[in-house]
Amino acid sequence: MTKSQIANFSAERIVKSFGGARALSDVSMSVASGEVHCLAGENGSGKSTLIKVMSGVHAPDSGVIRLSGKELTELSPREAVQEGVQVIFQDFSLLPNLSVAENIALPNRIVNQTRLVSKRDTKRIASEALALIGVEMDIDTPVGEISIAQKQLIAIARATNLGAKLLFMDEPTTALTRKEINRLFSVVGQLKKRGVATVFVSHKIDEIQEICSTITVLRNGEVVAEGPMKKFTSKSISKAMTGQDVSTTRIAPKLKRSKKIVLEIKNLCSKHTFEDISIKVAFGEILGITGLLGSGRTELAEAIFGKYPIDSGEIYVEGKKIQLNSSPAALASGIGYVPPDRLTQGLFLEQSILRNLVAVGIDSYRTGVGTLSQRRLSGVGEKWITDLRIKTKNPYNPVTSLSGGNQQRVVLAKWLAMDPHLMILNGPTVGVDVGSKREILEIIKERATKGMSFLVVSDDIPELIQICHRVLVIKNGRISKEFGESQLKESILYKELN
Amino acid sequence: MSNPLQRFTTAGLLSDRKVTQLMVFAVLVFTIFSYISSDIFYTRENFSSMAYQVPEVAILSIAVMLSMLTGGIDLSIVGISNAAALVAAYILTKNMTEEGAITNSWILIACAAGIAMGLICGLINSVLIAILNITPILATLATMTLFNGIAIGITNGVSISSLPEQFVRIGTGTFYGIPSPFVVMVLIAIFAGFIINRTGLGLKVFLIGTNRKAAQYSVMGDRRVVAWTYLISGFLSSLAGLLIAARVSAASPDFGNSYILLAIVVVVLGGVNPMGGFGTVTGVVLATIVLQMVASGFNALRFSQFLYLAAQGGVLVLVMMLNVILDRIRTARSISKSLGA
Amino acid sequence: MSINLKRLLRRNETVLLVAIIIFSLIIGSRSTEFFTVANLFDILRSSFVQLIFALGVLIVIVSGGIDVSFPIVGIFAGYAAVVIMQKFELNSESLFIPILLAILIGVLLGGVNAVAIAGFGIPTLIATLGTAGVFRGVMLSFVGASFISDIPIALDEFSTADLIKFESESGFLVRLHVLVIPVAIITIFVHLLLTRTIFGRSVYSLGGGVEATRRLGISVKRTQIKIYLLVGGLSGLAGILYVSLQRKANPYDLAGSELDVIAAVVLGGASIMGGYGTVFGTVLGVLFINMIKNNLILLGVSSSWQRAAVGILLVIGITIQAIGENKRNKARRALTEAEGD
């Protein structure tokens, strides 16, 4: 290794827009062989777009990509793969109908442009790749049948097997236990020794500091900070990512200790997912639920709303027992649910903002005759656009014309319009700009003071600390610990999670 | 103020940009054919015969539109319409006198039976699609085979013809000067338009077609809506079948096999999004008229019916290609706009 | 029971094999004619053309699409090949020329599909519905609409080219057509293509997910083009073989047979959503459908019920598949409920 590290891979002055929204403005990043580089930023900062540009999935509007010293302005996914660019996306890009072995070995063949494949070779390649990262599993199983955590390991095996020269890992640790994170880090270490350039994309500051030697921070599509990791503290990284000093001020209101319980869950069980869950939520209380991905926290939230199968247990709303496994029953008893992925689960993208706002309560807008009352519908629309300060010039515009934060508000409004007793929010501020984040938290606080209860499921610890009265940690499908008001500190919660 | 493409409640008539374009296109086609073949095309008989054929296609197309709006498709419409026609024709012929006369009550019973058949077929589709979650293409492909097959089996491939005069009058007579089938079509169109634009069911149909997952998370009873959609589609198909039987005074298991392609061409030309979520009844009716004009225009110009078939397929593929090209232009334009900004 | 054995038993092909055995026993118990070599060879003979079509359809369905234009491509290619041979007075004693012609025409027509689907991204059902209309219309308008009974000698004689031919004790003619060899070779070839080549795995990959496939560096467009060209060629081959076996070129033939072929492929275990399906299953499916259709008579059922039989089997088949799929989805939720981060 010469003293001056040659930047083998770089993106220079990349600009990329989608429709009217600018995703990347003049972004540059460089990584050398054997370097572990962190690409940090909040959701919506442009990290994913940059990765897609560097791997040929999106063509940049302007700018240059340099791979192994070669300058390229146009890059196809195939060429990127041939140049050694490998991306492990958050959704892993695995093929559910093909076996584990094929998912690992197939890309290898494509890169080598082999025409023929033999089953024996495929199995051999796959076994070797898995052995390299110390994993054992049945390689004949179709990928559609295995767990998320296993899928991620396969994605990693696939990428390492391809002899990647530049490896992007997009939020790789979200589904891993501490043990698996350690294993991942040791694999990254091995890659480093072999001269692979790794870009570790994450917003988890403590992990970044452990594994990366250099960092680039993106915010709103621009590079706001970069350099060797030693020059940064967790505070400065956080400030760069969010643009503000981390607010540790709690905005959770003083709970008027009303003994009235709005929601009581007794011994809820769902095979293989969670068991023996018992929770009590009071009127006006904001309860946080957290845990690693795969811990059962999302499944629990959806189960309360009837969207995930419950095998046994009881749910009482305002003292009345409600039917399990029925979303209509949950809705009727006053429970609402904001799903984690607004694009695929929460919004009707091509439809108007107005139609999105009334989507839940359609039946309640009927006139006596059975038709929809236009007046009432547009009235509802106007009300919520004003109430939640949704920035739009025209409620009849498609909801795609809104920013992420405003879109999230639409989803929120859709449910608030039903005036629920209890709102379950799953990842309410994911992919939302800082300003909207604050506002959404304010909205939650405002409603809570008026008596609405909230169940906030999230892996954003600082956010939970800000807004919740108490926080439950779910581990392996069980409530491992409950943290009351006085115990809500980041370090404590992180420790319990790991 | 309101963006015409996204009006909350489409009043129905000129509210959609695609519909206005279609209207212009319709006038164009009309003018061209009238000019080229003024002696055959531009005649009362021609318009009259068109007015008798349009309704059955329009009603079938509305049926396809409904299923398409929810993001699926009903390929069994012709199978259902023939089944309904056969049921009605059987009852009619069994209960008419030697001279071909029949009481009004028997006509009503026959029609009711035909409609009931349509509802039963629609119910089968609903069960397969809404309850068993079978994807609509596959389910309706299967039921299309089933309905068609049973019809052929029962009739041995022989059509039932010479239906009673009083019944045939429905398909060939007039109602205050307007061809009766046309009146039926207008009523159906108004009814369908009312449902999709003014009722909760209609709004749900649009939302389900736009994003089924989000519709499920919004707890709007999406399964029930889908079930109703295929039930209504079956109902409409049976009505079309009755109209056809009245018009040609016969019912056969294999009539109108090319109507499926025609209905889909009509629907796509009429501005319905094949992926679901968007479409208007006005567009569909207009498109039916345009295609009927093309048919009779071809006929007047002595083009073979096969050329018309090729034209249908061609229009379908071209319109779809056009949509894709326009879409690409639109995206490119907005990208350059944002870069320039 | 080892996990692999369990998986094997649950597979669609196994269930189908069992169904074939059961049905054989039922039919065989009702009629002694069933389990004769003559009958079995007959089933094979009627399956050849269908199987070649079905292999093409299998490839398309595994890739996640659907093609309804293949029978039209087939008859177009077969008919046009004969017409060309006659028009240009090509050597009518050559078997090779018409077959080559038909395959080329099939590939060309498949190219049209490729442009519509790969080039413009038109949904496969709509695209092929449209191209089917165009092909049929163009053929009947420009290539010819008349029935040709004096087909080139080589083709005509080929229909009686039997590999095995003898008279059984009861006086029945037992014939196994020589086609059994090339068809078997093609079948094995397609199997190897799908399982042992990157192209084949790309087809499965496409069915598993378009975006994921793209990210693997596979050119989605190029794969699709290859698919539709290949299917076109296979369909063209099937078409000319059909013409030969029927000893006539009738441009009205084969239309409507897409239902039987698709039914065979679906019953054989190919999922219409894509990503699943095997050649073995398709072979079983074709044999099953033909076994039922050919032998209805032995059960005392008239041949006009053939389509209904296919329809019933298809509906039952997809219902069973759907119930199994729904059960599997419930179990899968526990493992793969992913959060959209």
Side-chain angles (χ1 to χ4, degrees), chain A residues 15-22 61-62 302 305-307 326-332 336-339 341-356 358-367 369-372 374 377-378 381 393-399 411 414-415 418, chain B residues 1-11 15-16 69-71 191 193-225 273 275-279 327-328 330-341:
Chain A
V15 175
K16 179 70 187 168
S17 304
F18 294 104
R22 183 155 283 211
D61 301 331
S62 70
E302 302 215 328
F305 189 61
K307 278 257 167 276
S326 160
S327 299
L331 177 59
Y337 177 70
V338 173
D341 185 349
R342 63 173 167 276
L343 293 178
T344 58
Q345 300 166 326
L347 293 169
F348 303 93
L349 287 178
E350 297 87 5
Q351 299 285 350
S352 66
I353 298 171
L354 213 45
R355 281 184 170 179
N356 272 274
V358 302
V360 177
I362 296 178
D363 289 334
S364 56
Y365 302 118
R366 280 204 286 238
T367 62
V369 195
T371 59
L372 289 178
Q374 346 293 37
L377 288 166
S378 15
K393 292 194 202 109
N394 183 352
Y396 298 106
N397 280 341
V399 82
V411 183
K414 179 172 78 166
W415 283 103
M418 301 306 293
Chain B
M1 186 273 282
S2 51
N3 181 341
L5 267 178
Q6 293 285 339
R7 270 288 299 279
F8 184 71
T9 56
T10 358
S15 52
D16 193 319
L69 284 178
T70 58
F191 176 65
F194 176 76
I195 294 211
I196 65 174
N197 292 315
R198 297 283 164 119
T199 65
L201 181 67
L203 181 54
K204 288 181 189 180
V205 162
F206 282 120
L207 293 178
I208 289 171
T210 306
N211 185 341
R212 184 75 187 263
K213 241 219 142 95
Q216 287 169 339
Y217 275 106
S218 303
V219 191
M220 55 174 72
D222 60 302
R223 274 190 172 182
R224 205 178 305 164
V225 171
N273 185 338
M275 303 283 99
F278 290 96
D327 217 35
R328 285 184 193 160
R330 221 177 293 146
T331 340
R333 215 179 271 162
S334 59
I335 288 182
S336 59
K337 210 193 281 180
S338 70
L339 276 182

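Between the side chain of A:K307 and the backbone N or O of B:Q216 there is at least one donor-acceptor pair closer than 3.5 Å. No side-chain donor-acceptor contact under 3.5 Å links B:N211 to the backbone of A:Q345. The main-chain N or O of B:G277 is found under 3.5 Å from a side-chain atom of A:Q351 such that the two form a donor-acceptor pair.
Contact detail for B:L207 and A:A359: the closest heavy-atom pair is CD1-CB, 3.9 Å.
Around the CZ atom of B:F191, the shell of radius 6.0 Å holds no more than 12 heavy atoms that belong to other residues, nucleotides or ligands. Atom CZ of B:R328 has more than 12 neighbouring heavy atoms from other residues, nucleotides or ligands inside a 6.0 Å radius.
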* Test log, rule side chain to side chain contact (heavy atoms under 4.5 Å, CB included), inputs B:T210 and A:E350 -> CA-CA 7 Å; B:T210 306; A:E350 297 87 5; 3.0 Å; yes
* Candidate pair A:E302 and B:Y217, rule side chain to side chain contact (heavy atoms under 4.5 Å, CB included), full reasoning -> CA-CA 10 Å; A:E302 302 215 328; B:Y217 275 106; 3.0 Å; yes
* To do: Kindly determine whether B:V219 and A:F305 satisfy side chain to side chain contact (heavy atoms under 4.5 Å, CB included), including the steps that lead there.
  => CA-CA 10 Å; B:V219 191; A:F305 189 61; 3.5 Å; yes
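Heavy atoms of A:T371 lying under 4.5 Å from chain B belong to its backbone as well as its side chain. A:L347 touches chain B through its backbone: at least one of N, CA, C or O sits under 4.5 Å from a heavy atom, while the side chain does not. In this structure, chain B has a heavy atom under 4.5 Å from the side chain of A:P339, while its backbone stays farther away.
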